[in-house]
Amino acid sequence: MSVMDAVTITKPAGQPRTELSPKPSLIGLSREEMGNALRERGVADKQVKMRVSQLWNWIYVRGISDFDQMVNIAKDMREMLKQHFTIARPEIVEEQVSNDGTRKWLLRFPPRGAGRPVEVETVYIPEEGRGTLCISSQVGCSLTCSFCHTGTQRLVRNLTAEEILSQLLLARDRLGDFPDRDIPLGAMVPSEGRKVSNIVMMGMGEPLYNFDAVKQALLIATDGDGLSLSKRRVTLSTSGVVPEIFRTGEEIGVMLAISLHAVRDDLRDILVPINKKYPLKELIEACRAYPGLSNARRITFEYVMLKDVNDSLEDAKGLIQLLKGVPAKINLIPFNPWPGTNYQCSDWAQIEKFADFINSAGYASPIRTPRGRDILAACGQLKSESERMRKTERLAFEAMMIANHGVDD
């Protein structure tokens, strides 16, 4: 199939018209917060625990987005919920389906202080035995990594816990991944088990600059009485916000990925400017102290391969020295081009030499398989503001998407 065989669906069939509701959402609230919200609307104390349990089950186990479908809740209670709250999904502005099964959604959320509705991108990658959802944590990004397209979009605002979690709920809707839901026509998903088995916080934004909302969303996503994802199948990727790394392990307990990309401070200062604030020595020390770190719970280090920039065998040797003693996996990412970039992808032969050296030193170093190449769904390529590329440009660029994150327990 050619790149032009990708399908773009604007306002997908079967999705009801979504109004950006000003009502507060029950999605993303902790049980305690949900209980307090019900009390404020007159629900008796003795009923609150039961009502929260019912709502939690309908929202996170059954995937219901309409209060009227909550058949074991009395009609007057449902009317109260409809009047004061929402559990609606975000609006799908555009849905694209790659010829390899990768899906990308452009989602619209209410302004929430930004002055206008905001848009983010979410990507689903079906793989053999798993399905991985790449979730955004911010609208835009403040880190300005020089090789990253998302970094060229200014930061608009943080996403709320509701908006982070809603990306997961919407993806499961669209993939037929809730009980008694049909799989939409054309969906390419794992043949067994749940369709979204893994999630990665690797979309737009730096998750650790939005720690509290990301924490709340991931704790709900891994709650055993709801969405029930294994924490070992959830990976949070950071460019190196050192003070929050230990907290991530201690308070969230998910797998960690580090956007490394260079083994010398002078080069990483250019590629990943946050390095000027938290240099490599501090970053690696924080990784060594990550709670639960072991050979069974390794840190993934992301390393984008840039031709004649960071892809020499000297760089490979420096990488081994830098990570010495850290239980690690090293993901090698062939650079994904985007309009206006001055970087080129390393030659394939050089990438293989680099990988062979890393492997011979005892580190797993998979080279990512191209995914979503026809819909610009790759690491560093997500972008949502009005200057986004025209559709014809998007379809012309090769891309590669997140793969092999989390374990297969």
Novice: Can you name the nearest heavy-atom pair linking Leu236 to Met201, along with the distance?
Specialist: CA-CB, 4.0 Å
Novice: Given 3.5 Å as the limit, does a donor-acceptor pair link the side chain of Glu119 with the main chain of Leu106, or not?
Specialist: no
Novice: Counting only N and O atoms by type, is there a donor-acceptor contact under 3.5 Å from the side chain of Arg268 to the main-chain atoms of Leu260?
Specialist: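 Confirmed, Arg268 side chain pairs with Leu260 backbone.
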Novice: Of all the heavy-atom pairs spanning Ile199 and Ala221, show the shortest one and how long it is.
Specialist: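 Nearest pair, atom of Ile199 first, then Ala221: CD1-CB, 4.3 Å.
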Novice: Would you mind reporting whether Cys134 and Tyr124 have side-chain heavy atoms less than 4.5 Å apart?
Specialist: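 Side-chain contact under 4.5 Å: no.
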Novice: Does atom CG of Asn72 have more than 12 heavy-atom neighbours, drawn from other residues, nucleotides or ligands, at distances under 6.0 Å?
Specialist: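 It does: Asn72 CG has more than 12 such atoms within range.
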Novice: For the residue pair Asn198 and Leu133, establish whether any side-chain heavy-atom pair is separated by less than 4.5 Å.
Specialist: no
Novice: Kindly indicate, with the supporting measurements, whether the criterion side chain to side chain contact (heavy atoms under 4.5 Å, CB included) is fulfilled by Leu159 and Gln167.
Specialist: CA-CA 11 Å; Leu159 294 177; Gln167 296 172 67; 3.6 Å; yes
Novice: Is it possible for you to check whether Arg172 lies under 6.0 Å from the centre of the six-membered ring of Phe178, through NZ or CZ, and within 45° of that ring's axis?
Specialist: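 Yes, Arg172 lies over the aromatic ring of Phe178.
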Novice: Do Arg174 and Trp105 have side-chain heavy atoms sitting under 4.5 Å apart?
Specialist: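 Yes; the side chains approach each other to less than 4.5 Å.
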Novice: Between Trp58 and Gln54, is any side-chain donor less than 3.5 angstrom from a side-chain acceptor?
Specialist: no
Novice: Output the distance between atom OG1 (Thr132) and atom NZ (Lys195), rounded to the nearest 0.5 Å.
Specialist: 15.0 Å
Novice: Could you check whether any side-chain heavy atom of Arg157 comes within less than 4.5 Å of a side-chain heavy atom of Val118, counting everything from C-beta outward?
Specialist: yes
Novice: With a 4.5 Å cut-off on side-chain heavy atoms, are Tyr363 and Phe301 touching?
Specialist: no
Novice: Do Leu322 and Leu280 pass the side chain to side chain contact (heavy atoms under 4.5 Å, CB included) test, and can you show the C-alpha distance, the side-chain angles, and the key distance before you say yes or no?
Specialist: CA-CA 9 Å; Leu322 184 69; Leu280 283 168; 4.1 Å; yes
Novice: For the residue pair Ile27 and Ser166, what are the closest heavy atoms and their distance?
Specialist: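 Scanning both residues, the minimum pair turns out to be CG2-OG, 3.9 Å.
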Novice: Judged by atom type as modelled, is there a donor-acceptor pair below 3.5 Å linking the side chain of Asn331 to the main-chain atoms of Glu302?
Specialist: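 Between the backbone of Glu302 and the side chain of Asn331 there is no qualifying donor-acceptor contact (under 3.5 Å).
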Novice: Is a side-chain N or O of Arg232 found less than 3.5 angstrom from the main chain of Ala296, in a donor-acceptor match?
Specialist: yes
Novice: Under 3.5 Å, is there a donor-acceptor pair between the Asn310 and Asp315 side chains?
Specialist: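 Side chains of Asn310 and Asp315: no pair found under 3.5 Å.
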Novice: Are any of the side-chain heavy atoms of Leu267 and Leu271 separated by less than 4.5 Å?
Specialist: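 In contact.
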Novice: Tell me the closest heavy-atom pair linking Val196 and Asp177, and the distance in Å.
Specialist: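 Scanning both residues, the minimum pair turns out to be N-OD2, 2.9 Å.
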Novice: Does a donor on one side chain sit under 3.5 Å from an acceptor on the other, for Asp311 and Ser346?
Specialist: yes
Novice: Is any side-chain heavy atom of Leu38 closer than 4.5 Å to one of Leu81?
Specialist: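 Yes, side chains in contact.
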Novice: Look at the side chain of Lys231 and the backbone N and O of Ile252, then say whether any donor-acceptor pair between them is shorter than 3.5 Å.
Specialist: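 Indeed, once roles are kept as given, a pair shorter than 3.5 Å links the two residues.
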Novice: Please answer whether the main-chain N or O of Met204 pairs with a side-chain N or O of Ser136 as donor and acceptor at a distance below 3.5 Å.
Specialist: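 Judged by distance alone, yes, a pair lies under 3.5 Å.
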Novice: Say whether, by atom type as modelled, one donor and one acceptor occur between the side chain of Ser365 and the main chain of Ala355 under 3.5 angstrom.
Specialist: yes
Novice: Assess, by modelled atom type and distance only, whether the side chains of Asn158 and Gln138 contain a donor and an acceptor separated by less than 3.5 Å.
Specialist: yes
Novice: Would you name the heavy atoms of Pro327 and Asn295 that are closest together and state the gap between them?
Specialist: CB-OD1, 3.8 Å
Novice: Indicate yes or no for a side-chain donor-acceptor contact from Ser197 to the backbone of Gly131 under 3.5 Å, with no hydrogens or angles considered.
Specialist: yes
Novice: Can you tell me how far the CZ atom of Arg298 sits from the CD1 atom of Ile330, to the nearest 0.5 Å?
Specialist: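 So the gap between those two atoms works out to 10.0 Å.
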Novice: Could Arg31 and Trp56 be counted as a cation-pi pair, given that NZ or CZ must be under 6.0 Å from the ring centre and within 45° of the axis?
Specialist: yes
Novice: Just do the side chain to side chain contact (heavy atoms under 4.5 Å, CB included) check on Asn210 and Ile164 with the steps written out, would you?
Specialist: CA-CA 11 Å; Asn210 189 17; Ile164 294 167; 4.0 Å; yes
Novice: Glu244 and Thr238: side-chain donor and acceptor closer than 3.5 Å?
Specialist: no
Novice: Step by step, would you call Lys104 with Glu95 a salt bridge (Lys or Arg N to Asp or Glu O under 4.0 Å)?
Specialist: CA-CA 6 Å; Lys104 183 169 73 170; Glu95 179 177 33; over 6 Å; no
Novice: If you measure from CD on Glu250 to CD1 on Ile245, what distance do you get to the nearest 0.5 Å?
Specialist: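 Going from CD on Glu250 over to CD1 on Ile245, the span is 14.5 Å.
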Novice: Step through it carefully: locate the ring centre of Phe354, locate the ring centre of Tyr303, and say whether they are under 6.0 Å apart.
Specialist: yes
Novice: If we ignore hydrogens and angles and just use 3.5 Å, is the side chain of Ser53 paired with the main-chain N or O of Lys49 as donor and acceptor?
Specialist: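 Flag not set: sc Ser53 to bb Lys49 has no pair under 3.5 Å.
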Novice: Using the rule given for salt bridge (Lys or Arg N to Asp or Glu O under 4.0 Å), can you reason through Arg108 versus Glu163, listing the C-alpha separation, both sets of side-chain angles and the distance that settles it, and then say yes or no?
Specialist: CA-CA 10 Å; Arg108 181 174 292 147; Glu163 291 163 339; over 6 Å; no
Novice: Does any non-hydrogen side-chain atom of Val48 lie less than 4.5 Å from one of Arg39?
Specialist: yes
Novice: Using the ring-ring contact (aromatic ring centres under 6.0 Å, His included) criterion, which residues pair with Phe357? Sequence neighbours excluded.
Specialist: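 By the ring-ring contact (aromatic ring centres under 6.0 Å, His included) rule, Phe357 matches no residue at all.
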Novice: Has the side chain of Glu206 got a donor or acceptor atom that lies under 3.5 Å from a matching backbone atom of Ser239?
Specialist: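 Yes.
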Novice: What pair of heavy atoms forms the shortest contact from Cys345 to Ile351, and how long is it?
Specialist: SG-CD1, 4.2 Å
Novice: Who passes salt bridge (charged side-chain N to carboxylate O under 4.0 Å, His left out) against Lys82, sequence neighbours left out?
Specialist: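 Scan of Lys82 (salt bridge (charged side-chain N to carboxylate O under 4.0 Å, His left out), adjacent residues dropped) gives Asp68, Glu79.
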